[in-house]
There are 2 protein chains.
Amino acid sequence: MSKLEDAIAKMKSSNVRITTQRVAVLEYLLNCEFHPSADEIYKAMNTRFPSISRATIYNNLNILCENGLARELTFGNAPSRFDGNTKDHYHIICNNCGKIADLQYPLLKEIEVFVEQIAEFKVSHHRLDIYGKCVTCYD
Amino acid sequence: MSKLEDAIAKMKSSNVRITTQRVAVLEYLLNCEFHPSADEIYKAMNTRFPSISRATIYNNLNILCENGLARELTFGNAPSRFDGNTKDHYHIICNNCGKIADLQYPLLKEIEVFVEQIAEFKVSHHRLDIYGKCVTCYD
DNA sequence: CTAAATGCAAAAAGTTTGCAAACGT
DNA sequence: ACGTTTGCAAACTTTTTGCATTTAG
């Protein structure tokens with residue numbers, strides 16, 4: 001079962017309607033080797049669906065994220081990036097060119113345990129981003 | 001030497017001009033027991049300076065951040081929050097009410113070392129946020 | 001005196017919303 | 001058929017910019 005078929009099955013079981021545009025956005029995210037912005041997704045979709053609207057892109061991205069089929073990566077005032085990889089992982093971000101790379105690292109469960117102990121707080125998840133300069137950006 | 005005097009000394013040595021509004025923003029941040037947005041800072045300043053402009057707030061926040069006297073905490077499409085505490089620390093954020101608490105935890109140097117080893121990447125810093133529900137927000 | 005900061009208004013950028021028409025189930 | 005999604009335009013929010021006036025050093 002391909003990742004796309006798997007994701008479509010997930011949509012069906014969550015009663016998320018299978019529309020052409022929605023599947024196209026999902027497929028694009030699953031096969032994307034970088035972390036696209038809504039606008040980049042819009043432009044990519046635009047070649048196949050010349051009349052697609054940005055609102056449709058945003059709407060579908062939100063629905064996919066709400067249903068665990070994509071992740072939104074927010075970066076301050078910069079446009080959000082989207083990630084079709086919903087497995088837990090961290091990110092490495094270049095301060096200079098903005099490139100985002102995935103970082104596989106053992107999940108920091110101990111910090112979550114610590115927080116639940118010291119604070120009266122029920123942890124749901126955490127986010128870790130490493131900033132710096134990528135190879136192509138340092139002298 | 002108070003935190004404010006200390007910060008003003010830092011401004012002088014960085015050739016950052018000491019204006020009434022700038023010092024007021026800085027003082028507000030240093031004494032603020034929460035993490036205010038630009039708008040909250042604007043409203044607080046507005047009582048003392050009825051004609052202050054949002055542009056002045058943003059301008060000063062940017063200058064303070066650029067000079068290491070404040071930190072901007074970005075949260076996606078939600079307005080940025082500002083932190084007068086420039087010592088390294090993490091944050092705990094409530095998914096429900098949005099409240100932000102400081103988290104003192106030993107800095108994760110080992111992850112930075114790891115990233116520099118596996119990736120060709122010069123790390124400058126990292127950010128870690130813990131999400132979940134605060135006491136007042138869980139049943 | 002000079003360069004930077006202020007206040008104002010307008011612009012910019014990203015995202016959301018309202019609505020009629022089209023579509024999925 | 002029904003309710004959801006689409007596409008369009010307009011609205012909205014946060015932040016930035018341009019510019020004349022004021023202020024700090």
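Hydrogens, waters and symmetry mates are skipped; everything else that's a heavy atom, side chains included, is used. This structure is a prediction, so every number in the text was calculated from the model and none was measured.
- The aromatic rings of A:Phe114 and B:Tyr105 sit perpendicular to each other, their planes meeting at more than 60°, with 30° as the lower class boundary.
- Within 6.0 Å of CD on B:Glu120 lie no more than 12 heavy atoms contributed by other residues, nucleotides or ligands.
- Of the inter-residue distances, the one linking B:Ser53 atom OG with B:Asn46 atom CG reads 10.0 Å to the nearest 0.5 angstrom.
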Working for side-chain contact (heavy atoms from CB on, under 4.5 Å), residues A:Phe34 and A:Glu40: CA-CA 11 Å; A:Phe34 60 103; A:Glu40 285 169 327; 3.8 Å; yes
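- Interface limits on DNA chain C: the 5'-most and 3'-most nucleotides within less than 4.0 Å of chain B heavy atoms are C:dA3 to C:dT15.
- Note that the two end axes of the helix from C:dC1-D:dG25 to C:dT25-D:dA1 enclose an angle of 50°, each drawn from 5 base pairs, rounded to 10 degrees.
- A:Asp83 and A:His89 share a donor-acceptor pair across their side chains, judged by distance under 3.5 Å alone.
- Only A:Ser51, A:Ile52, A:Ser53, listed by number, bring a heavy atom of residues 41-54 of chain A to less than 4.0 angstrom from any atom of DNA chain D.
- Across all strands, B:Asn60 comes closer than 4.0 Å only to sugar-phosphate atoms, never to a base (heavy-atom distances).
- No side-chain donor from either of B:Arg71 and B:Ser80 sits under 3.5 Å from a side-chain acceptor of the other.
- Atoms CD1 (B:Ile57) and P (D:dT16) sit 13 Å apart, rounded to a whole Å.
- Near DNA chain C, defined here as any heavy-atom distance below 4.0 Å, the residues from residues 17-29 of chain A are A:Arg17, A:Ile18, A:Thr20, listed numerically.
- Distance CG/A:Asn77 to CG/B:Asn77: 9.5 Å, rounded to 0.5 Å.
- Taking for each of A:Thr56 and B:Ala38 the nucleotide of DNA chain D with the nearest heavy atom, the 5'-most of the two is the partner of A:Thr56.
- In summary, the side chains of A:Ser124 and B:Asn95 do present a donor paired with an acceptor at a separation below 3.5 Å, with no hydrogens or angles considered.
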Show me, pair by pair, the donor-acceptor contacts under 3.5 angstrom made by side chains of residues 20-30 of chain B, not counting sequence neighbours?
unit_1  : atom_1 : unit_2  : atom_2 : d
B:Arg22 : NE     : B:Asn60 : OD1    : 2.7
B:Arg22 : NH1    : B:Arg17 : O      : 2.9
B:Arg22 : NH2    : B:Asn60 : OD1    : 3.1

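- Residue A:Glu112 forms a side-chain hydrogen bond (donor to acceptor under 3.5 Å, both in side chains) with just one option from A:His126, A:Gln117, A:His125, and that option is A:His126.
- To the nearest 0.5 Å, the span separating OG1 on B:Thr86 from NZ on B:Lys3 amounts to 9.5 Å.
- Taking every heavy atom of residues 61-85 of chain A and every atom of DNA chain C, pairs under 4.0 Å involve A:Asn62, A:Pro79, A:Ser80, by number.
- Remark: A:Arg127 qualifies as a cation-pi partner of A:Phe75 under the 6.0 Å distance and 45° angle criteria applied to the six-membered ring.
- If you take CD1 on A:Ile92 and CD on B:Glu116, they are separated by 10.0 Å, rounding to the nearest 0.5 Å.
- Toward the 5' end of DNA chain D, the nearer of the two residues B:Ala55 and A:Asn59, judged by each one's closest nucleotide, is A:Asn59.
- The closest side-chain donor-acceptor pair between A:His91 and A:Asp102 falls under 3.5 angstrom.
- Atoms CG and CG, from B:Asn31 and B:Leu4 in turn, are 7.5 Å apart once rounded to the nearest 0.5 Å.
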